[in-house]
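A, B, ... follow the sequence lines: proteins, then strands. Residue 1 opens every chain.
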Amino acid sequence: MPVNESSAPSHFIRNIIKEDLRTGKFGGRVHTRFPPEPNGYLHIGHAKSICLNFGLAEEFGGKCNLRFDDTNPVKEEEEYTRSIMEDVRWLGFDWEDRLYFASDYFEQLYRWAIELIKKGKAYVCDLSAEQIREYRGTLTEPGKESPYRNRSVEENLDLFERMKAGEFPDGSRTLRAKIDMASPNLNLRDPVMYRILHATHHRTGDKWCIYPMYDWAHGQSDSIEGITHSICTLEFEDHRPLYDWFLDELEVYHPQQIEFARLNLTYTVMSKRMLLELVQEGHVESWDDPRMPTISGLRRRGYTPESIRDFAERIGVAKKESMIDLALLEHCLRDDLNKRAHRVMAVLHPLKVVIENYPEGEVEELDAVNNPEDPSMGTRKIPFSRVLYIEQDDFREDPPRKYFRLSPGKEVRLRYAYIIKCVDVVKDEQGKIVEVRCTYDPETKSGTGKTQRRVKGTLHWVSARHAFEAEVRLYDRLFSVPDPAGDKEGKGFKEFLNPESLVTINSAKLEPGLKYAKPDEYYQFERIGYFCVDGKDSKDGAPVFNRTVPLRDTWAKIEKTAAGKQPRGV
RNA sequence: UGGGGUGUAGCCAAGUGGUAAGGCAGCGGCCUUUGGAGCCGCCAUGCGGAGGUUCGAAUCCUCCCACCCCAGCCA
């Protein structure tokens with residue numbers, strides 16, 4: 001066991017495990033499981049659970065299983081199990097040889113059901129779905145017992161056998177646990193254990209036409225696998241008495257269910273239903289659209305597994321329902337990317353700059369550092385010439401106070417190159433600035449140490465002749481309000497979609513080396529943000545760049561507050 | 001007016017009777033050839049509320065309030 005466990009912040013589940021280890025409750029074992037239903041793609045909320053389950057096992061020298069909770073054939077697909085395995089692996093976790101499916105236990109579950117019938121603890125019920133609902137009672141009134149509740153063991157055995165044999169149509173009968181129709185906990189009012197579903201299961205095919213319900217399958221699956229701590233979300237708290245009831249009646253190994261609050265993130269929705277809607281109605285391109293909070297979406301957006309794991313650690317684990325600020329996720333991302341991203345220069349909104357006193361036709365190869373945070377990443381050469389592009393935002397004809405960038409008569413440094421001075425501005429007929437004329441000071445070349453002159457601003461740039469043009473996609477939050485799912489007077493979450501969540505730049509000017517950028521590489525476009533190569537739409541020699549997250553922009557903040565205080569603009 | 005949960009800063013979150021950790025956000029400042037990064041500092045006389053016990057209460061007791069979950073043959 002790692003000795004550094006104290007370095008991890010404590011949370012209640014970790015405390016429970018430490019206590020169980022101390023008292024020897026499970027013989028010193030820690031065995032968890034991540035149990036997704038293969039009916040959709042994994043999202044950042046699942047990542048919290050994955051990190052918790054696999055992380056705890058790792059921390060205490062235990063094991064964590066990957067188990068698909070595939071008890072409902074009508075909703076589940078092979079495609080989802082594929083993507084789920086890919087996502088868990090990408091996050092950096094390994095279930096080794098412990099890949100399981102609840103459907104692997106159908107036979108055992110069936111035998112256990114017969115056992116309960118024989119004990120008089122389960123019965124076949126002929127009530128329809130609607131009748132079951134009526135008989136269940138309400139939150140404040142007890143339910144009524146089903147007229148089929150007291151069938152003989154023999155009749156139950158016979159009927160159940162015939163249910164399995166396919167003699168009855170869907171919905172005609174169920175197998176129910178005989179518990180207490182007057183229980184204040186509705187889950188204990190004779191819950192359904194099996195329903196008839198003549199559907200083809202993605203793994204068991206047509207072998208079964210009765211399928212176990214979640215409550216009947218989950219605890220027993222945990223038991224079979226020898227799980228010690230069965231961690232799930234808060235809404236299952238009311239199910240725990242049932243979880244315990246089945247295990248106790250069966251007199252089998254009994255894991256401990258522990259519930260924690262699921263993740264909610266500002267400016268996003270997390271329900272599978274809503275995410276599915278976004279995909280099906282075309283509000284996003286697909287499940288892995290870079291604006292989606294899915295693991296595959298985050299991956300395509302340029303998130304690193306490390307940043308997500310760091311995030312999962314920092315948000316903590318508790319029973320309080322919370323809404324985490326997206327800014328924290330972005331902080332974790334930038335924190336990681338800052339250390340690993342390869343710095344490059346890219347001009348998104350080009351403005352031509354001509355250096356009047358720089359010789360026509362001359363080209364210099366300048367040295368640029370690949371990552372100031374990590375010298376081992378080395379340096380590269382970038383071409384400099386007479387005509388360049390700078391960012392339109394980096395020039396203002398009439399600069400506001402504290403504007404450190406270029407403006408008429410002012411000096412600025414070109415990163416890794418020279419200090420230049422703006423001497424003229426060229427406009428078109430509409431008065432739009434189309435070109436800036438400058439002069440450069442040859443004595444100020446970067447790295448020569450010939451001058452001690454300092455200027456306030458440093459701009460990124462790209463040599464016009466050498467620029468490589470590529471498509472750049474600027475992604476932003478998908479929703480424009482912090483809690484799109486928390487309906488403001490009945491408005492649906494889709495009314496809050498951010499119309500500017502994707503802005504495409506067709507031909508940004510990039511430094512030439514970027515032509516060979518590949519997916520899985522992390523870049524920082526200096527002074528702009530972190531970018532990655534889109535894994536789907538890029539081609540060899542024609543990469544498409546996705547903005548992962550912008551750099552923090554102090555100047556934008558200053559301008560914004562200034563605009564707020566003095567609403568006279570410009 | 002059933003049952004199960006949860007309330008500590010703008011957002012998370014430690015703390016479990018000895019006088020409110022930490023992170024994010026925010027705000028100052030330093031530094032800087034990225035207005036990035038980094039560094040320094042500030043940010044709860046207060047822990048949902050009211051009583052009570054105690055030398056001492058976020059922690060114990062009583063009552064109250066607010067919010068979330070449960071009436072699928074979904075998970």
Side-chain angles (χ1 to χ4, degrees), chain A residues 9-11 15 35-37 39 69 71-72 74-76 125 127-130 132-134 136-143 170-176 182-189 191-197 210-211 213-215 217-218 232-241 259 261 266 272 313-332 334-335 338-339 343 345 369 372-373 402-405 412-417 419 444 446-447 454-460 482 524-530 550-558:
Chain A
S10 95
H11 63 240
N15 292 155
E37 181 187 13
N39 71 341
D69 222 328
T71 56
N72 186 356
V74 308
K75 286 188 176 176
E76 296 151 9
C125 182
L127 253 26
S128 67
E130 304 83 275
I132 285 186
R133 194 188 321 126
E134 287 161 16
R136 187 152 32 223
T138 68
L139 294 178
T140 52
E141 306 156 45
D170 287 3
S172 60
R173 282 179 231 262
T174 56
L175 181 74
R176 296 226 257 164
S183 171
N185 181 345
L186 304 211
N187 294 119
L188 263 21
R189 318 244 265 225
V192 171
M193 294 166 62
Y194 278 98
R195 73 285 217 189
I196 300 173
L197 242 35
I210 55 172
Y211 290 93
M213 297 289 290
Y214 166 86
D215 288 304
H218 206 91
C232 62
T233 44
L234 251 28
E235 67 271 26
F236 293 103
E237 213 152 13
D238 288 339
H239 294 240
R240 191 179 348 122
E259 312 83 14
T266 56
K272 280 186 187 173
E313 194 63 58
R314 293 204 204 200
I315 57 179
V317 179
K319 297 190 75 157
K320 186 172 88 175
E321 307 223 28
S322 59
M323 174 80 76
I324 307 287
D325 196 335
L326 216 214
L328 178 58
L329 212 212
E330 295 187 335
H331 168 81
C332 296
R334 292 192 185 103
D335 195 40
N338 177 49
K339 289 176 243 156
R343 310 292 133 119
M345 293 204 282
V369 170
E373 305 291 323
K402 298 215 269 189
Y403 184 82
F404 302 153
R405 285 113 98 143
V412 87
R413 162 140 239 136
L414 290 179
R415 179 135 238 230
Y416 299 126
I419 289 177
T444 58
S446 279
R454 291 277 163 93
V455 287
K456 284 288 240 179
T458 299
L459 308 187
H460 61 277
Q524 182 197 99
F525 289 3
E526 291 210 39
R527 302 210 305 134
I528 301 176
Y530 294 100
L551 245 31
R552 284 189 54 185
D553 190 347
T554 309
W555 170 244
K557 206 181 293 176
I558 292 170

K.L.:
Any carboxylate oxygen within less than 4.0 angstrom of a Lys/Arg side-chain nitrogen, looking at A/Glu37 and A/Lys75?
P.N.:
no
K.L.:
Say you pick atom C1' in B/U8 and the same atom in B/G3; how far apart are they, in whole Å?
P.N.:
27 Å
K.L.:
Counting the atoms with a prime plus P, OP1 and OP2 as sugar-phosphate, which does A/Val412 contact under 4.0 Å by heavy atoms, base, sugar-phosphate, or nothing?
P.N.:
nothing
K.L.:
Think A/Arg415 has a side-chain N or O under 4.0 angstrom from the OP1 or OP2 of B/G36?
P.N.:
no
K.L.:
Answer with base, sugar-phosphate or nothing: what part of the nucleic acid does A/Tyr211 contact at a heavy-atom distance below 4.0 Å?
P.N.:
nothing
K.L.:
Contact class for A/Pro372 vs. all strands (heavy atom < 4.0 Å): base, sugar-phosphate, or nothing?
P.N.:
base
K.L.:
Looking at B/U34, I'd like to know if its phosphate oxygens (OP1 or OP2) sit under 4.0 Å from a side-chain N or O belonging to A/His460.
P.N.:
no
K.L.:
For B/G72, measure the glycosidic angle (O4'-C1'-N9-C4 for a purine, O4'-C1'-N1-C2 for a pyrimidine) and name it syn if it falls within 90° of 0, otherwise anti.
P.N.:
syn
K.L.:
Base, sugar-phosphate or nothing for A/Ser322? Non-hydrogen atoms, less than 4.0 Å.
P.N.:
sugar-phosphate
K.L.:
With P as the reference atom in both, quote the distance from B/U1 to B/A9 in angstrom, rounded to an integer.
P.N.:
28 Å
K.L.:
For a quick check of understanding: with a heavy-atom distance under 4.0 Å over all strands, which category does A/Tyr194 fall into, base, sugar-phosphate or nothing?
P.N.:
nothing
K.L.:
Say we look at B/A25 and B/U33: how far apart would their P atoms be, to the nearest angstrom?
P.N.:
25 Å
K.L.:
Once you apply a heavy-atom cut-off of 4.0 Å, does A/Arg413 come out as touching a base, just sugar-phosphate, or nothing?
P.N.:
base
K.L.:
Sort out the partner of B/A66 for me: Watson-Crick or G-U wobble, both distances under 3.5 Å, none otherwise.
P.N.:
B/U6
K.L.:
Looking for any heavy atom pair under 4.0 Å, which part of the strands does A/Asp69 touch: base, sugar-phosphate only, or nothing?
P.N.:
sugar-phosphate
K.L.:
Once you apply a heavy-atom cut-off of 4.0 Å, does A/Met345 come out as touching a base, just sugar-phosphate, or nothing?
P.N.:
nothing
K.L.:
Please list each protein N or O that sits under 3.5 Å from an N or O in nucleotides 5-7 of chain B, with the distance.
P.N.:
unit_1: B/G5; atom_1: O2'; unit_2: A/Glu237; atom_2: OE1; d: 3.4

K.L.:
Are OP1 or OP2 of B/C74 and a side-chain N or O of A/Thr71 less than 4.0 angstrom apart?
P.N.:
no
K.L.:
From CZ of A/Arg527 over to P of B/G36, roughly how many Å is that when rounded to an integer?
P.N.:
11 Å
K.L.:
Rounding to an integer number of Å, can you tell me how far A/Met323 CE sits from B/A9 P?
P.N.:
16 Å
K.L.:
Which part of the nucleic acid, if any, lies within reach of A/Ile419 when heavy atoms closer than 4.0 Å are counted: base, sugar-phosphate only, or nothing?
P.N.:
nothing
K.L.:
Checking all strands, does A/Ala327 fall into the base, sugar-phosphate, or nothing category for heavy-atom contacts under 4.0 angstrom?
P.N.:
sugar-phosphate
K.L.:
Going by 5.5 Å between centroids and 30° between planes, is there a stack of A/Tyr214 over B/A75?
P.N.:
no
K.L.:
How far does the P atom of B/G49 sit from the matching atom of B/C65, given to the nearest Å?
P.N.:
15 Å
K.L.:
Could you tell me whether A/Glu259 contacts a base, only the sugar-phosphate backbone, or nothing, with contacts defined as non-hydrogen atoms closer than 4.0 Å?
P.N.:
nothing
K.L.:
Tell me whether the OP1 or OP2 atom of B/A37 has a side-chain N or O from A/Arg343 closer than 4.0 Å.
P.N.:
no
K.L.:
B/G4 P sits how many Å from A/Asp238 CG, rounded?
P.N.:
9 Å
K.L.:
Name the residue closer to the 5' end of RNA chain B, choosing between A/Tyr403 and A/Leu328 according to the nucleotide with the nearest heavy atom.
P.N.:
A/Leu328
K.L.:
Kindly say if A/Thr554 contacts the phosphate of B/G36, meaning a side-chain N or O under 4.0 Å from OP1 or OP2.
P.N.:
yes
K.L.:
Tell me the interatomic distance from A/Met193, atom CE, to B/G72, atom P, rounded to whole angstroms.
P.N.:
19 Å
K.L.:
Quick one: list whatever passes salt bridge (charged side-chain N to carboxylate O under 4.0 Å, His left out) with A/Arg527, sequence neighbours left out.
P.N.:
A/Asp394
K.L.:
Between B/G72 atom C1' and A/Arg195 atom CZ, what is the distance in whole Å?
P.N.:
9 Å
K.L.:
Classify the nucleic acid contact of A/Glu526 as base, sugar-phosphate or nothing, counting any heavy atom under 4.0 Å across all strands shown.
P.N.:
base
K.L.:
If the cut-off is 4.0 Å, is A/Arg314 near the phosphate of B/A13, judged by side-chain N/O to OP1 or OP2?
P.N.:
no
K.L.:
What does A/Leu326 touch in the nucleic acid at a heavy-atom separation under 4.0 angstrom: a base, only the sugar-phosphate, or nothing?
P.N.:
nothing
K.L.:
Does A/Arg133 have a side-chain nitrogen or oxygen under 4.0 Å from the phosphate oxygens OP1 or OP2 of B/G72?
P.N.:
yes
K.L.:
Mind checking the P distance from B/U6 to B/C74? Whole angstroms is fine.
P.N.:
30 Å
K.L.:
By salt bridge (charged side-chain N to carboxylate O under 4.0 Å, His left out), which residues pair with A/Arg415, not counting sequence neighbours?
P.N.:
A/Glu526
K.L.:
Does the A/Thr458 side chain pair with the main chain of A/Arg413, one donor and one acceptor, at a distance under 3.5 Å?
P.N.:
no
K.L.:
Tell me whether the OP1 or OP2 atom of B/U33 has a side-chain N or O from A/Arg454 closer than 4.0 Å.
P.N.:
yes
K.L.:
Figure out the CG/P separation between A/Leu329 and B/G23, and round it to whole Å.
P.N.:
19 Å
K.L.:
If you look at every strand shown and take non-hydrogen atoms under 4.0 Å, does A/Ile315 touch a base, only sugar-phosphate, or nothing?
P.N.:
sugar-phosphate
K.L.:
Look at the side chain of A/Arg405 against the base of B/G35 and say whether a donor-acceptor pair falls under 3.5 Å; ignore hydrogens and angles.
P.N.:
yes
K.L.:
Counting only Watson-Crick pairs (N1-N3 plus N6-O4 or O6-N4) and G-U wobbles (N1-O2, O6-N3), all under 3.5 Å, who is the partner of B/G72?
P.N.:
none
